[in-house]
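Shown next, in structure tokens, is the structure this report addresses.
Note on naming: letters A, B, ... go to the chains in the order of the sequence lines (proteins, then strands), and numbering restarts at 1 for each one. Side-chain atoms are counted along with the backbone in the values below, which use heavy atoms only and exclude waters and symmetry mates.
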Amino acid sequence: MGPVRARFAPSPTGYLHIGGVRTALFNWLLVKRYGGQFILRIDDTDSERNKPEALQPILDGFRWLGIQWDEGPEVGGPLGPYFQSQRLEGYKEAAYKLVQEGKAYPCLLSPEELKAEREAAEKAKKPYIHRGPGRNLAPEEALKLVLEGKPVRLKVTEGRKIVLEDLIRGRVEWDADLLGDPVILRGDGRALYNFATVVDDAAMQITHVVRAAEHLSNTAVQLVAFEALGVGQPRFAHVPVVNEPNSKKKLSKRDMAKFVTTEIKSKLMSIGHTAEQIAARDDLNPATVAFYRELGYLPEGLVNYLGRLGWSLDDHSEIIPIDLMTANFSLERVNDSPASFDPDKLYWVAGEYMKTLPLEKKVEGVLPFLKRAGIWGENESPARLEQLRRVITASGDRLKLFSDILQYGLPILLPSVAYDEKSFAKRVTKEGVPGHLAEFVDKLAALPDFEAATLENALKAHANDKGFNPALLIHGLRVSTTGIEVGAGVYDILSILGKDESIRRVRNALAKAGLV
RNA sequence: GGCCCUGUCGUCUAGUGGCCUAGGACACAGCCCUUUCACGGCUGCGACACGGGUUCGAAUCCCGUCAGGGUCACCA
């Protein structure tokens, strides 16, 4: 395959939809695989719905994911402008040209008449196929009417088949007789999507249109438009839609609110969002890219997951770094049935990427969450930073998302311990434990150093000496010093805390337990 | 309803006529490792929508049925 020019054409809606990203990613991968340009074209012709400030989140999202466009907003390109709202004249001219050539004609019927036609067809249980009375007008007369403000319809040639050789779905055919003449230009001169997209794809020399399968039906009229325009056709590839988790329904841009369950909400609140903030942002739900960014997912993980959704490298690869993906991507291996979005698997993939991330990158990623939690200032001491590094290292693979630092790091980093009462009762107040703790605190005070290995030896020796199960002390210490039962190894925790702080926390716990 | 698309474990997938008593991954369950949790290791659970053909042989090809989805605008 030669060089590819592929495009993604989002509407500026204020957020980047997961399904859209997957489609954009396939376009981008195709370009990276075969060489060429990935074009971002902004579909902002619907002025009521599209606000200019709604574009930025989309661009930010793509940049965060590492999906860079070669032509489009902010980067320009030779075949711009890349905003459809700035290309309106071109659509108009193209439509006029078609009218002059007799390939399109003015629609003479009023909206009311059209509605009546449609309803009559519906009542008669017949498919509604519009053929306008203006079809046979002489070109001069037709153009005059169009210039006077009549909408323009494309003439669909009857008595033949429209054939698409789709790169993913194979051969798809439509009977032209079942296709009504579509409106391509409104009375006020604004083009309709099906026409604008064709004019632009031709003008921008798009070679491959990779888009969601929901556009498959549209392709028939677009094919007719390409023909009428007398320009070369791109190749088409219709990728299956992305479904809701555990569902056969499309992951929809609408009704995304239902994904914000109480569980999701509490997760968002745990990273510092208030209920009001969540309610005010329509991009904070699991169907958007912003949501995963907000929770501290690694973009590499999201890209891997999305790339693997509907496409596979072979019979066993799951973790496919971007270089491997771009070197091997092909439309042939894109599935032709819909795929359900699986948040659990995404979480796992994100964790796999986190495992391989260098420590300094983890520190960097975790900082915003600590700052928002109010326990990290702008000028923390080197010692404090070193402590954070040790916390992250000790957390190990438990840290799958950057926001997980709140769960595993806070109990160590926070100066005061928030005790989980159930755990406290089970592991500290328990029979005999306070006594062991009190005794061991003195041992701790006498230790030559506070390395994890030293601590482990001392603890085991002490328990052996006294003849009790070391687990009693391990669990007691953990809860005394962090308040909770899960997290890094207890020796690591004590070592990070240091001698003074460890002893202070254990004594506090003993005081709380009613023993000093 | 018309047209179009799709149907392999709960989910993502491998499979292009014999390598398939259908392989891998996530999730789930159990065991081991670790005196927590996680990681890791092992084991288990679990699918070719159904019915007809074609063929020596079908998850794979054909037909039908059923099911799901998409689309039918002077929206994108």
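Separation of atoms CG (A:Leu216) and CD (A:Glu214) is listed at 10.5 Å; rounding is to 0.5 Å.
Checking B:C3 for Watson-Crick or G-U wobble geometry (two distances, each under 3.5 Å) identifies B:G70 as its partner. When both distances must be under 3.5 Å, the Watson-Crick or G-U wobble mate of B:U65 is B:A49. Pairing partner, B:U11: B:A25, with both Watson-Crick or wobble hydrogen-bond distances short of 3.5 Å. Under the Watson-Crick or G-U wobble criterion, with both distances below 3.5 Å, B:C33 has no partner in any strand shown. Look at B:U54: it lacks any Watson-Crick or wobble partner with both distances under 3.5 angstrom.
Taken residue by residue, residues 478-493 of chain A places heavy atoms nearer than 4.0 Å to RNA chain B at A:Arg478, A:Glu485, A:Val486, A:Gly487, A:Ala488, A:Gly489.
Note on A:Arg186: a side-chain N or O is less than 4.0 Å away from OP1 or OP2 of B:A76. A close approach under 4.0 Å does not occur between any side-chain nitrogen or oxygen of A:Ser217 and OP1 or OP2 of B:C5. Within the structure, a side-chain polar atom (N or O) of A:Asn335 is placed less than 4.0 Å from OP1 or OP2 of B:A14. Between A:Arg211 and B:G70, a side-chain N or O to OP1/OP2 separation shorter than 4.0 Å is absent. In terms of phosphate contacts, A:Arg190 brings no side-chain nitrogen or oxygen within less than 4.0 Å of OP1 or OP2 of B:C74.
Residues A:Asp43 and A:Ser11 have side chains that never bring a donor and an acceptor to within less than 3.5 angstrom of each other. Side-chain atoms of A:Tyr91 and A:Asp200 form a donor-acceptor pair, as typed in the model, at a separation below 3.5 Å. For the residue pair A:Ser317 and A:Asp314, a side-chain donor N or O sits within less than 3.5 Å of a side-chain acceptor on the partner. Side-chain N/O atoms of A:Arg211 and A:Thr219 include a donor and acceptor closer than 3.5 Å.
Remark: A:Arg131 engages A:Asp181 in a salt bridge, criterion side-chain N to carboxylate O under 4.0 Å.
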Evaluate the side chain to side chain contact (heavy atoms under 4.5 Å, CB included) criterion for residues A:Ser423 and A:Ile484: first the C-alpha distance (whole Å), next the side-chain angles of each, then the deciding distance (0.1 Å), finally the verdict. CA-CA 6 Å; A:Ser423 301; A:Ile484 54 173; 5.7 Å; no
Worked check of side-chain hydrogen bond (donor to acceptor under 3.5 Å, both in side chains) between A:Thr45 and A:Gln84: CA-CA 6 Å; A:Thr45 49; A:Gln84 291 194 312; 4.6 Å; no
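Set against B:G7, B:A14, B:C26, the side chain of A:Asp315 has B:A14 as its closest nucleotide. Closest to the side chain of A:Leu216, from the set B:A27, B:C5, B:U13, is B:C5. The listed nucleotides are B:U36, B:U6, B:U13; the one nearest the side chain of A:His475 is B:U36. Side-chain atoms of A:Asp342 lie closest to B:G10 of the nucleotides B:G10, B:A14, B:U71. The side chain of A:Tyr193 has B:A76 as its nearest neighbour among B:G70, B:A76, B:G2.
Taking the C1' atom of each, B:C48 and B:U6 are spaced 15 Å apart, rounded to whole Å. Straight-line distance between the P atoms of B:U43 and B:G23: roughly 13 Å, to the nearest whole Å. For the C1' atoms, the distance linking B:U60 with B:A14 amounts to 13 Å, nearest Å.
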For residues 160-168 of chain A, tabulate all N or O donor-acceptor pairs below 3.5 Å that involve a side-chain atom, not counting sequence neighbours.
unit_1, atom_1, unit_2, atom_2, d
A:Arg160, NH2, A:Glu227, OE1, 3.0
A:Glu165, OE2, A:Arg171, NH1, 2.6
A:Asp166, OD1, A:Ile168, N, 2.8
A:Asp166, OD1, A:Arg169, N, 2.9
A:Asp166, OD1, A:His238, N, 3.2
A:Asp166, OD2, A:His238, N, 3.2
A:Asp166, OD2, A:His238, ND1, 2.7

Between the protein and nucleotides 62-66 of chain B, which nitrogen or oxygen pairs come in under 3.5 angstrom?
none

Detail all sub-3.5 Å separations between protein N/O atoms and N/O atoms belonging to nucleotides 38-44 of chain B.
unit_1, atom_1, unit_2, atom_2, d
B:C39, O3', A:Lys355, NZ, 3.0
B:C39, O2', A:Asp397, OD2, 2.8
B:G40, OP1, A:Lys355, NZ, 3.1

N/O to N/O distances under 3.5 Å, protein versus nucleotides 47-49 of chain B:
none

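Computed from coordinates, the A:Arg171 CZ to B:U6 P distance equals 14 Å when rounded to whole Å.
Residue A:Asn469 is classed as a base contact, given a heavy-atom separation below 4.0 Å to a base. In this structure, A:Gly187 reaches the bases: a heavy-atom distance under 4.0 Å links it to at least one base atom across the strands shown. A:Glu122 comes within 4.0 angstrom of no nucleic acid atom, judged by non-hydrogen atoms across all strands.
Contacts of A:His475 classified as side chain to side chain donor-acceptor pair (under 3.5 Å), with partners at least two apart in sequence or in another chain: A:Arg427.
Looking only at distances, a side-chain donor or acceptor of A:Tyr105 sits under 3.5 Å from a matching main-chain atom of A:Gly132.
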